[in-house]
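Right, one structure below, let's go through it.
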Protein chains: 2
Amino acid sequence: MKENANNFNDKLKEKGYKITFQRKQVLDVIKDNEGKHLNSEEIYNLVKEKSPDIGIATVYRTLSLLDKMGLIYKVDLDEGSVKYELDRDLDSHRHRHHHLICLDCNEIVEVEEDLLDDIEEKISAKHNFFIKDHSVKFYGYCIKCRDKYGD
Amino acid sequence: MKENANNFNDKLKEKGYKITFQRKQVLDVIKDNEGKHLNSEEIYNLVKEKSPDIGIATVYRTLSLLDKMGLIYKVDLDEGSVKYELDRDLDSHRHRHHHLICLDCNEIVEVEEDLLDDIEEKISAKHNFFIKDHSVKFYGYCIKCRDKYGD
DNA sequence: CTTTATGCAAAAACTTTGCACCGAG
DNA sequence: CTCGGTGCAAAGTTTTTGCATAAAG
């Protein structure tokens with residue numbers, strides 16, 4: 001049950017990056033909001049609550065660093081909005097989970113099942129493509145919104 | 001073997017939109033470059049070759065209209081780039097195909113197989129989510145780039 | 001002390017909007 | 001003729017960059 005923070009510090013050191021207060025603040029906000037899918041502005045605002053002097057540029061630079069290091073995922077929602085989420089399972093290199101995106105209320109539900117192994121195998125073989133990761137989004141209606149429209 | 005163009009004109013009329021030269025030009029460029037995944041700037045430049053007076057705003061307005069009408073898909077590639085592609089199968093309302101994205105050369109290969117029906121069924125049932133469409137991207141290395149790295 | 005990171009503001013990249021004029025129906 | 005569409009330029013958004021200063025190691 002390792003703290004991600006240690007992992008974070010280790011990874012930074014490993015690559016010669018410095019461990020700064022701001023970087024810790026940004027990661028903390030993302031960790032404290034697991035499952036929430038914050039965008040850069042939301043992260044910036046939350047970090048600013050604790051550290052009002054931080055600049056948006058630092059947040060962008062940190063997000064891009066965290067993404068590059070694989071500590072967070074950039075989730076691109078096709079509606080022009082970019083959100084970030086924690087990678088919960090850094091060590092095992094699992095595939096990221098899927099997202100169910102409600103076309104009505106825009107709620108994002110995460111789905112832990114992977115279920116894509118067979119498909120990957122088929123596609124790998126047929127197209128000679130070595131698959132490292134995938135991104136799967138299902139668009140539709142959640143139960144709440146579906147009810148609104150009756151049948 | 002209906003021409004998409006007719007479909008296009010019909011759809012426009014249906015919704016009360018006007019059939020303009022510029023709209024035809026934009027659709028033509030996208031049709032002439034099927035499989036190429038052009039971004040807005042590329043489309044703008046190609047249209048400008050034939051019609052130098054067109055404005056970028058018109059291209060954006062047309063792309064957004066075509067997307068809204070379902071004639072093209074907006075493909076968001078997670079690298080901050082937005083590309084557009086033709087919907088080849090307007091009538092049957094099939095799911096869009098998948099994309100294989102090479103992490104090295106950025107080539108995008110399209111995969112026609114769908115193969116997601118089982119998964120959709122499982123997820124629908126388990127999460128009470130009515131799935132209308134999906135977006136699937138596989139990230140990895142194409143055979144050419146894989147060879148570069150040996151084993 | 002050296003090098004990287006930060007904050008600020010300016011710039012860049014991309015997209016949308018307001019408005020007067022134009023053209024499809 | 002009428003109303004929606006267009007081109008242009010200006011304005012928005014979101015993200016990146018340059019630079020002097022601050023802080024990590």
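Just so we're on the same page: letters track the sequence lines, and every chain starts at 1. Bear in mind the structure is a predicted one, so any value in this text is a computation, not a measurement.
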In Å, rounded to the nearest 0.5 Å, how long is the span from OH of B:Tyr84 to CD1 of B:Ile72? 6.5 Å
Judged by nearest nucleotide, the residue sitting upstream toward the 5' end of DNA chain D, B:Tyr44 or B:Gly16, is B:Gly16
B:Ile19, nearest nucleotide to its side chain (from C:dG25, D:dG7, C:dG7): C:dG25
When the distance from CG of A:Asn9 to P of D:dG25 is rounded to whole Å, what number comes out? 9 Å
Could you give the CG-to-C1' distance, from A:Asn39 to D:dT15, as a whole number of Å? 13 Å
Measure the distance from CG on A:Leu63 to P on D:dT15 and round it to the nearest whole Å. 9 Å
May I ask you to verify if any side-chain N or O of B:Tyr60 is less than 4.0 angstrom from the OP1 or OP2 atom of C:dT16? no
Of the listed nucleotides D:dT14, C:dC8, C:dA5, the one nearest the side chain of A:Glu41: D:dT14
Rounded to the nearest Å, what distance is computed from the NZ atom of residue A:Lys18 to the P atom of nucleotide D:dA24? 9 Å
C:dG23 OP1/OP2 closer than 4.0 Å to side-chain N/O of B:Gln22: no
For residues B:Tyr60 and B:Ser40, is any side-chain donor paired with an opposing acceptor at under 3.5 Å? yes
Could you tell me whether B:Asp118 atom CG has more than 12 heavy atoms of other residues or ligands within 6.0 Å of it? no
What is the separation between atom CG on B:Asp53 and atom P on D:dA9, rounded to the nearest whole Å? 12 Å
Any donor-acceptor pair under 3.5 Å between the side chain of B:Arg61 and the base of D:dG4? no
Integer-rounded Å distance: D:dG5 C1' and B:Gln25 CD: 15 Å
How far does CZ of A:Phe138 sit from NZ of B:Lys132, to the nearest 0.5 angstrom? 15.5 Å
Has A:Thr20 got a side-chain N or O lying under 4.0 Å from the OP1 or OP2 atom of C:dT6? yes
Nucleotide C:dT6, atom P - distance to NZ of A:Lys48 in whole Å: 16 Å
Within the structure, does a side-chain N or O atom of B:Ser40 lie under 4.0 Å from either OP1 or OP2 of C:dT15? yes
Tell me what A:Phe21 touches on the nucleic acid: a base, only sugar-phosphate, or nothing, going by heavy atoms under 4.0 Å. nothing
Could you check whether A:Ile54 gets within reach of a base, just the sugar-phosphate, or nothing at all, counting any heavy atom under 4.0 Å? sugar-phosphate
Spacing between B:Arg23 atom CZ and C:dG23 atom C1', to the nearest angstrom: 12 Å
Can you find a side-chain donor-acceptor pair between B:His134 and A:His98 that sits under 3.5 Å? no
Most 5' of B:Pro52 and A:Ile56 on DNA chain D, judged by nearest nucleotide: B:Pro52
